[in-house]
Number of protein chains: 6
Amino acid sequence: MSPLNFTHILTQAVDELSESESYQGLFHQHKDGEPLPSARVLCDIIELARSILFPGYYGNSTVNSRTLKYHIGVNTEKLFDLLSEQILAGLCFEGGDDCHGCTTKQREDASRMAAKFISRLPYLRKKLATDVEAAYNGDPAAHSFGEVIFCYPAIKAISNYRIAHELLLLGVPLIPRIITEMAHSETGIDIHPAAEIGDHFAIDHGTGVVIGATSIIGNNVKLYQGVTLGAKSFPLDEEGKPIKGIPRHPILEDNVIVYSNATILGRITVGRDATVGGNIWVTEDVPPRSRIVQTKAKK
Amino acid sequence: MSPLNFTHILTQAVDELSESESYQGLFHQHKDGEPLPSARVLCDIIELARSILFPGYYGNSTVNSRTLKYHIGVNTEKLFDLLSEQILAGLCFEGGDDCHGCTTKQREDASRMAAKFISRLPYLRKKLATDVEAAYNGDPAAHSFGEVIFCYPAIKAISNYRIAHELLLLGVPLIPRIITEMAHSETGIDIHPAAEIGDHFAIDHGTGVVIGATSIIGNNVKLYQGVTLGAKSFPLDEEGKPIKGIPRHPILEDNVIVYSNATILGRITVGRDATVGGNIWVTEDVPPRSRIVQTKAKK
Amino acid sequence: MSPLNFTHILTQAVDELSESESYQGLFHQHKDGEPLPSARVLCDIIELARSILFPGYYGNSTVNSRTLKYHIGVNTEKLFDLLSEQILAGLCFEGGDDCHGCTTKQREDASRMAAKFISRLPYLRKKLATDVEAAYNGDPAAHSFGEVIFCYPAIKAISNYRIAHELLLLGVPLIPRIITEMAHSETGIDIHPAAEIGDHFAIDHGTGVVIGATSIIGNNVKLYQGVTLGAKSFPLDEEGKPIKGIPRHPILEDNVIVYSNATILGRITVGRDATVGGNIWVTEDVPPRSRIVQTKAKK
Amino acid sequence: MSPLNFTHILTQAVDELSESESYQGLFHQHKDGEPLPSARVLCDIIELARSILFPGYYGNSTVNSRTLKYHIGVNTEKLFDLLSEQILAGLCFEGGDDCHGCTTKQREDASRMAAKFISRLPYLRKKLATDVEAAYNGDPAAHSFGEVIFCYPAIKAISNYRIAHELLLLGVPLIPRIITEMAHSETGIDIHPAAEIGDHFAIDHGTGVVIGATSIIGNNVKLYQGVTLGAKSFPLDEEGKPIKGIPRHPILEDNVIVYSNATILGRITVGRDATVGGNIWVTEDVPPRSRIVQTKAKK
Amino acid sequence: MSPLNFTHILTQAVDELSESESYQGLFHQHKDGEPLPSARVLCDIIELARSILFPGYYGNSTVNSRTLKYHIGVNTEKLFDLLSEQILAGLCFEGGDDCHGCTTKQREDASRMAAKFISRLPYLRKKLATDVEAAYNGDPAAHSFGEVIFCYPAIKAISNYRIAHELLLLGVPLIPRIITEMAHSETGIDIHPAAEIGDHFAIDHGTGVVIGATSIIGNNVKLYQGVTLGAKSFPLDEEGKPIKGIPRHPILEDNVIVYSNATILGRITVGRDATVGGNIWVTEDVPPRSRIVQTKAKK
Amino acid sequence: MSPLNFTHILTQAVDELSESESYQGLFHQHKDGEPLPSARVLCDIIELARSILFPGYYGNSTVNSRTLKYHIGVNTEKLFDLLSEQILAGLCFEGGDDCHGCTTKQREDASRMAAKFISRLPYLRKKLATDVEAAYNGDPAAHSFGEVIFCYPAIKAISNYRIAHELLLLGVPLIPRIITEMAHSETGIDIHPAAEIGDHFAIDHGTGVVIGATSIIGNNVKLYQGVTLGAKSFPLDEEGKPIKGIPRHPILEDNVIVYSNATILGRITVGRDATVGGNIWVTEDVPPRSRIVQTKAKK
């Protein structure tokens with residue numbers, strides 16, 4: 001095949017791929033002045049948030065207590081700018097192909113939501129402090145809070161979740177999900193931003209953990225790797241499409257422990273202080289303070 | 001220990017590590033003019049392919065329908081160039097240490113394979129459109145096709161698989177496997193490029209999914225996180241080495257659903273419309289339309 | 001809300017976030033001249049180590065046998081420099097907030113440890129050669145040693161583990177854990193650097209594998225994806241904190257195979273040549289040469 | 001001096017440097033949503049313009065005549081986007097500290113000016129083609145048009161000037177000057193964007209050439225390195241400030257040649273076909289077709 | 001020639017180039033823990049200093065008057081860190097090959113000098129404000145202070161000079177010269193860091209300006225492009241080497257103007273309010289308020 | 001103007017700019033597999049060459065005498081690879097639009113020329129050592145050889161020239177000129193690669209120096225800034241095009257000194273030990289040991 005043929009094949013493929021029917025539903029039409037949700041920018045946003053929440057651990061900075069405020073100030077301002085832009089990207093994206101360009105209202109909403117998020121950072125830091133404490137207390141191999149903050153993937157996943165959850169409560173579309181998926185890719189822990197999770201939440205090792213959108217988790221709960229809090233099934237509407245928004249994931253009350261690879265499905269309740277053993281499939285309520293395990297293996 | 005000692009230790013280690021017997025089998029001898037398979041370049045290739053297949057979602061571009069063709073044109077040409085080089089890298093790599101430098105035939109083969117791949121892009125887009133549709137229809141938490149394309153790790157893993165599978169069918173060595181491993185690392189979903197997979201394929205959450213090389217999957221199949229389609233065991237040849245190329249992974253017929261952490265092993269068939277419950281270990285055929293679940297847990 | 005309001009919200013949040021009580025335990029006070037543990041630098045360290053151990057496969061170099069020594073020399077020297085700095089970062093980090101700046105002793109220790117690590121590289125290469133061999137022999141889909149070194153995530157995870165384990169034996173704090181967590185993020189395989197693992201170690205697919213800190217693994221052991229070698233529970237001290245350093249993870253003797261998603265918990269022993277089936281929960285000793293599997297699923 | 005002292009000195013310097021009187025006139029107050037003129041972005045703009053005007057020479061692209069349009073299309077669209085933003089930056093910058101944020105009118109003006117500039121690109125290419133021809137014909141050391149386009153600093157300086165001049169004619173503030181200063185830094189040739197320059201303009205070597213804002217240069221003019229077309233003096237207003245906008249630089253008619261390091265000052269006219277020798281200081285009209293040189297050196 | 005030959009030629013060249021006699025005097029022996037003077041780091045240092053001195057113009061920041069202090073704080077701290085390191089590099093470099101590794105005293109000196117430099121920043125800003133004013137008042141083409149700060153190469157060259165001069169006064173070796181050479185490369189203006197220069201210093205266009213090490217320049221002096229303040233000759237010692245440190249460059253008193261390409265050589269004095277015309281060669285004192293120009297050109 | 005209009009203007013401009021007559025002579029048609037001359041790669045080549053010639057000064061390396069050979073080895077190999085590619089780019093570029101793709105002969109020639117260049121590196125280092133010595137001896141402000149190598153722009157310009165001159169002697173087209181233009185841009189010193197220059201060559205300050213293609217310079221020559229060694233005029237052929245290859249630049253014999261901004265034009269000879277004063281225009285032979293200066297300025 002000669003170079004000419006290659007060019008021919010190429011231009012023909014380009015022609016086909018540019019026909020509008022061929023990209024129906026798979027094309028995002030850019031609107032003038034509209035920012036795009038950007039994985040790279042959202043990475044920077046998470047890095048900035050972490051550097052504000054855990055000063056000195058992230059962002060390669062050389063802060064001491066006297067110059068700390070300068071750093072937090074600069075990082076917070078930058079976070080506000082980047083977040084405003086990405087929230088705007090989310091709002092425009094949700095607008096769909098019918099609307100043309102970002103409206104002034106969308107711009108104002110984006111800045112307002114970003115400012116509200118900034119004002120929630122002190123609260124977020126308090127929450128995350130309890131998660132760090134829980135991870136440290138729950139792991140005989142942990143040497144210090146610092147090691148937990150630096151190394152533990154669960155802290156990364158829970159930070160992203162708590163940030164995304166705040167944004168979702170503020171009404172930000174799309175962006176929260178991208179943020180939790182970033183942690184999913186980094187840690188293998190998949191927490192839906194709409195889930196509700198209490199204080200002192202711990203996940204050990206974490207790979208394969210799934211926490212569905214309508215899950216409710218109390219305080220002092222601990223999950224091991226591979227645990228699923230999923231939906232058993234979901235009702236379809238008359239067109240056979242799943243009905244959105246129905247509670248369909250489990251409720252875990254305070255002090256519950258779930259061991260590795262356990263699968264808990266449906267809107268059931270695991271009562272307070274209960275323990276769920278590993279590798280089991282649970283689709284019915286688990287009473288408080290009870291303990292369930294797998295049927296014994298056969299040899 | 002003085003700096004001199006350090007230099008001494010260092011030069012001694014370098015001497016040992018440079019003795020040919022010490023790197024036997026672990027050394028890739030570079031041949032003149034031969035490109036190396038490069039994770040970075042393959043990343044760019046995948047990013048380009050995604051930007052062509054889902055225009056406006058990837059590649060940070062600001063396309064609209066009038067300028068779309070320019071973008072697809074430039075990206076397709078760049079994809080052709082990078083892919084030719086990486087296919088050549090794969091062909092040379094396979095050639096082993098006996099052959100010296102890439103032959104003209106290898107160069108021509110690489111360009112020809114890359115051109116054929118380009119001509120398959122419209123087909124790939126059609127296939128992937130069905131996967132996006134399946135993911136959207138199967139998840140009550142999904143708001144739009146756009147969100148699915150942007151956020152869902154399964155779409156990334158399935159895109160890489162479908163790209164890699166085309167390359168494998170064209171006879172490209174090594175590169176397809178690297179491409180699926182990239183998705184494996186990003187998503188925790190490990191699909192062997194040689195597996196055969198039908199339309200409307202959905203994977204929910206996905207971390208821990210393994211789909212072996214000789215698996216055959218029909219249309220409208222859905223897998224949850226942690227599902228394994230694996231080999232039970234494999235026959236060894238007289239030297240005790242595994243015999244290559246024997247069918248050893250399951251067949252899943254149309255409309256099968258497999259819940260999280262189920263392990264299905266060996267060349268068995270899960271019949272059409274069957275459902276496999278979570279956390280179970282399946283090594284025998286599952287009849288069509290049947291449903292199997294784990295023995296009840298004990299308290 | 002006007003821009004002025006945004007600035008007001010921002011400066012108020014910065015004030016709150018800069019109050020010392022708000023970052024109690026979450027702040028790493030930088031000490032003068034102290035390097036920080038850096039994920040980016042540790043990435044470079046691993047990349048350098050891989051390029052030395054498997055010459056020609058990593059580091060995009062174009063080595064041939066005559067110029068190999070130049071490359072190994074430069075990479076080894078750079079590895080020594082970066083590693084000295086990161087070990088120092090680990091030593092200072094462990095020192096805590098009471099010590100002020102890195103001491104001369106810490107600097108000397110860091111260089112000494114780095115030099116000792118360099119001198120162990122030939123030994124590490126020998127060990128890893130057995131792991132590559134085991135992966136190749138255990139997978140009918142593998143075409144060559146090269147493909148295994150290039151593509152298999154388990155080789156990446158085991159390399160990081162073996163490097164981290166050497167550093168831990170030399171007394172380096174923190175850094176070994178960060179190195180294994182990097183592989184955890186990349187591959188979904190979580191091996192604690194303190195675990196002891198023999199020759200010819202193989203992990204297939206790997207996502208979700210967890211190997212705890214006090215695990216002991218013999219030669220020729222093979223694990224599949226999702227396998228946990230974990231702790232069943234751990235004794236608490238009088239303050240309710242877990243007691244550190246007690247053996248609490250399984251021992252796997254030579255030639256053991258554990259199938260996907262099996263969970264083995266506590267200081268139990270799986271005897272030589274035993275096979276543990278997938279998706280089961282094992283908390284008692286498994287006799288040598290035995291085979292245990294899940295109770296049959298119900299339909 | 002202890003680290004504490006350093007922190008003290010630092011915070012004190014920060015305090016002083018943050019007092020508003022200390023940065024009077026030296027501070028650019030950022031307004032919300034306003035882009036900043038960016039040297040980096042303007043570099044990209046010039047690189048894009050060059051890649052459109054001289055296809056295949058810039059932008060590292062691999063264009064051939066069949067795919068050329070894709071490349072020109074993508075580059076032109078990107079140029080439009082970046083240029084709109086930078087023109088807006090210029091408009092806002094000029095607005096000064098009194099105006100708050102970019103107005104909608106400024107945004108619209110910026111896009112309109114950028115679009116008009118785009119429509120002038122074919123004209124610019126025609127002009128620059130004559131400059132390339134002049135450089136080639138005037139230099140016995142030149143081997144091809146390609147070498148001239150690739151290597152000759154004068155082509156870079158003249159390209160930037162012609163681009164900047166178009167923008168200035170469209171009413172863009174600030175940006176044109178930054179663009180010519182970029183070429184000044186790269187080539188040592190300082191052409192004010194307001195100067196008027198005819199076809200077939202050549203500058204040989206070029207370092208040290210200065211062409212002032214009100215200079216008028218005919219067709220087929222050639223300047224050597226170090227030539228100044230400057231102002232002799234300029235009238236001051238009653239406050240002693242220079243009066244802006246008065247013609248104060250020379251007029252060079254068609255076919256003039258000026259040799260190296262000649263200085264021509266004031267609103268004088270060098271008549272057509274005249275030659276000005278090197279190292280002389282000219283402050284009076286030079287008649288057409290005449291030739292002036294330096295008084296002979298003494299030994 | 002075969003690839004083998006290439007390798008042979010290469011290894012032979014490497015052998016020759018590694019013989020110690022071949023790099024006599026051209027080799028900088030690295031000492032343990034010693035930082036190297038780094039053009040890239042010094043670039044960052046200049047960029048940081050500019051962003052502190054002219055807030056909002058450099059460093060791509062989005063400062064407003066309420067958050068300004070955060071930015072100045074972070075940039076000042078970073079400047080201190082980078083500068084300490086580079087000063088140390090200069091001190092060690094000067095130490096020569098005889099000394100082994102940076103001493104504690106050198107480290108302390110470096111930090112002390114960097115801190116003193118930081119404390120001089122407010123003074124430097126005041127000085128530079130007069131230079132900006134002079135450039136604005138002296139150029140009818142200038143529209144605003146902002147344009148001068150943003151675009152005028154002379155401001156860049158004079159900033160680097162004033163920074164370098166402060167460092168030189170503090171006793172920092174090597175680094176000041178690298179800093180002025182950076183401006184030399186960027187602007188074509190070569191000011192030796194040891195020169196003494198008063199307030200309101202202006203250079204127009206600037207390419208080719210040279211200001212020698214022992215020059216003394218008063219207030220309100222203006223130089224045009226190509227002006228040299230050089231040495232006429234310099235006395236040699238008995239070995240024929242130039243004697244260092246003798247005043248050998250001109251003194252320019254207040255309000256002197258020197259036009260383009262004038263060359264003023266030797267320890268002569270150009271008296272206050274004098275004007276030196278372009279393209280002349282001056283080696284004798286010029287009386288105050290006088291005006292000298294080139295002998296008329298001949299036709 | 002609406003966004004639609006912008007798109008319309010844009011697509012129309014793209015159409016015009018893509019018409020083949022519009023880019024006649026300004027288009028470089030890419031041929032398959034042909035590398036492009038790349039400023040970025042040539043920058044790396046120069047950086048590598050400098051790091052080999054002056055070990056420890058360039059390339060940010062931390063070499064000491066024991067590990068020096070590793071560094072020189074790796075850098076030399078990389079230089080060979082990059083240079084082969086760029087020489088090939090030069091050969092193909094010269095081939096023009098008639099030839100299609102790089103030939104095997106061109107590839108072999110490129111590698112052979114690169115290898116020959118490598119073998120000349122020891123010679124180049126010897127030559128450059130004399131230039132460093134000359135710069136040090138000629139400048140009372142120089143403190144050490146190291147300072148000269150690190151800071152002096154002339155050393156950069158002369159290094160590039162000597163490298164480019166070697167390549168030109170080997171028959172490499174285009175690339176030598178790009179290399180000297182890189183130094184021209186960086187330093188303002190423009191030395192044509194075809195000029196012949198002896199040992200101990202010194203240029204002080206350097207901005208504005210021009211040395212034409214057929215210049216011949218002896219040993220121990222020193223030029224100051226702004227000196228031109230140019231052509232006075234050049235004979236045209238019957239078509240009015242300059243005749244190429246005729247000697248037209250000056251000859252400077254041993255020990256000549258030329259002061260700043262002197263212009264020496266035509267194939268004249270400046271005899272040994274002669275001195276040429278600044279700011280003069282020389283078009284006739286200068287006898288050995290003579291001294292010429294400018295006619296005295298008038299007041």
Side-chain angles (χ1 to χ4, degrees), chain D residues 1 5-6 9-14 16-18 20 22-30 36-38 93-94 96 173-174 177-178 181 184-185 188 190 192 194 207-208 210 213 226 228 230-231 234 241-246 248 261-263 265 277 279-282 290-295, chain E residues 52-57 60-65 68-69 72-73 76-77 80 108 111-112 115 118-119 121-122 125-126 128-129 132 137-141 143-147 149-153 186-188 205 207-208 224-226 259-261 277-280 293-299:
Chain D
M1 217 185 289
N5 289 121
F6 295 152
I9 288 172
L10 207 141
T11 49
Q12 196 174 325
V14 171
E16 283 183 55
L17 290 160
S18 305
S20 64
S22 98
Y23 52 74
Q24 195 64 30
L26 306 175
F27 171 45
H28 179 64
Q29 169 97 19
H30 176 67
L36 276 168
S38 156
F93 189 90
E94 200 196 34
L174 191 65
R177 181 66 188 266
I178 302 181
E181 281 300 340
H184 184 191
S185 175
D190 179 1
H192 195 284
T207 310
V210 171
T228 293
F234 34 82
K241 304 270 158 95
I243 302 177
K244 316 242 157 182
I246 292 176
R248 59 196 181 280
N261 298 319
T263 303
L265 297 188
N279 292 87
I280 58 174
W281 158 267
V282 182
S290 64
R291 172 181 168 83
I292 54 169
V293 299
Q294 198 187 35
T295 312
Chain E
I52 294 165
L53 296 167
F54 305 116
Y57 287 107
N60 224 21
S61 68
T62 54
V63 294
N64 59 48
S65 49
L68 180 61
K69 196 173 184 173
I72 289 182
T76 304
E77 195 190 43
F80 173 71
E108 285 170 4
S111 295
R112 193 176 38 74
I118 295 294
S119 72
L121 283 170
R125 195 195 265 162
K126 255 184 226 139
L128 283 164
V132 170
N137 286 338
D139 184 358
H143 295 92
S144 66
F145 272 36
E147 188 189 1
I149 295 172
F150 239 144
C151 305
Y152 279 43
E186 192 181 355
T187 67
H205 308 295
T207 310
Y224 282 84
Q225 64 275 17
Y259 280 94
S260 56
N261 298 320
N279 291 86
I280 58 175
V293 298
Q294 197 188 35
T295 311
K296 208 158 180 184
K298 64 174 187 190
K299 303 199 179 173

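Residue numbers begin at 1 in each chain, while the letters A, B, ... track the order of the sequences.
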> Side chains of P153(E) and H184(D): does their closest heavy-atom pair fall under 4.5 Å?
Replying inline: yes

>> If the condition is side-chain hydrogen bond (donor to acceptor under 3.5 Å, both in side chains), which residues does E77(E) pass it with, not counting sequence neighbours?
In response: T67(A), H71(A)

>> Please classify the contact of L121(E) with chain D as side chain, backbone, both or neither, using a heavy-atom distance under 4.5 Å.
In response: both

> Tell me, side chain or backbone of F54(E) under 4.5 Å from chain D's heavy atoms, or both, or neither?
Replying inline: both

>> Which residue in the set T263(D), D190(D), T228(D) passes side chain to side chain donor-acceptor pair (under 3.5 Å) when paired with Q225(E)?
In response: T228(D)

>> Can you give me the closest heavy-atom contact between T295(E) and T295(D), atom names plus distance?
In response: CG2-OG1, 4.0 Å

> Which one of H192(D), R248(D), R291(D) has the most heavy-atom pairs closer than 4.5 Å to chain E?
Replying inline: R248(D)

> What heavy-atom pair brings G56(E) and L36(D) nearest, and what distance separates the two atoms?
Replying inline: O-CD2, 4.0 Å

>> Just so I understand: if I count every heavy-atom pair under 4.5 Å between each of Q12(D), E181(D), Q294(D), Q24(D) and chain E, which residue has the most?
In response: E181(D)

> Which residue out of V132(E), T187(E), N261(E) racks up the most heavy-atom pairs below 4.5 Å with chain D?
Replying inline: N261(E)

> Under a 4.5 Å heavy-atom cutoff, which of S119(E), G146(E), S144(E) has the most pairs with chain D?
Replying inline: G146(E)

>> If we define contacts as heavy-atom pairs under 4.5 Å, which of S290(D), G188(D), A213(D) has the most with chain E?
In response: G188(D)

> Who among V210(D), L17(D), T11(D) has the most heavy-atom pairs with chain E under 4.5 Å?
Replying inline: L17(D)

>> For a 4.5 angstrom cut-off between non-hydrogen side-chain atoms, does T207(E) reach T207(D)?
In response: yes

> If you round to the nearest 0.5 Å, how far is CD1 of I9(D) from CZ of R112(E)?
Replying inline: 10.0 Å

> Please walk me through it: do Y152(E) and R177(D) pass side chain to side chain contact (heavy atoms under 4.5 Å, CB included)?
Replying inline: CA-CA 9 Å; Y152(E) 279 43; R177(D) 181 66 188 266; 3.4 Å; yes

> Between V282(D), N279(D), I178(D), which shows the greatest number of heavy-atom pairs under 4.5 Å with chain E?
Replying inline: N279(D)

> Nearest 0.5 Å, what's the OH-CZ distance between Y57(E) and F27(D)?
Replying inline: 9.0 Å

> Listed by chain and number, what are the side chain to side chain contact (heavy atoms under 4.5 Å, CB included) partners of S18(D), not counting sequence neighbours?
Replying inline: V14(D), K69(E), I72(E)

> Side chains of F150(E) and L174(D): closer than 4.5 Å at any heavy-atom pair?
Replying inline: yes

> What pair of heavy atoms forms the shortest contact from F145(E) to G25(D), and how long is it?
Replying inline: CD2-O, 3.7 Å

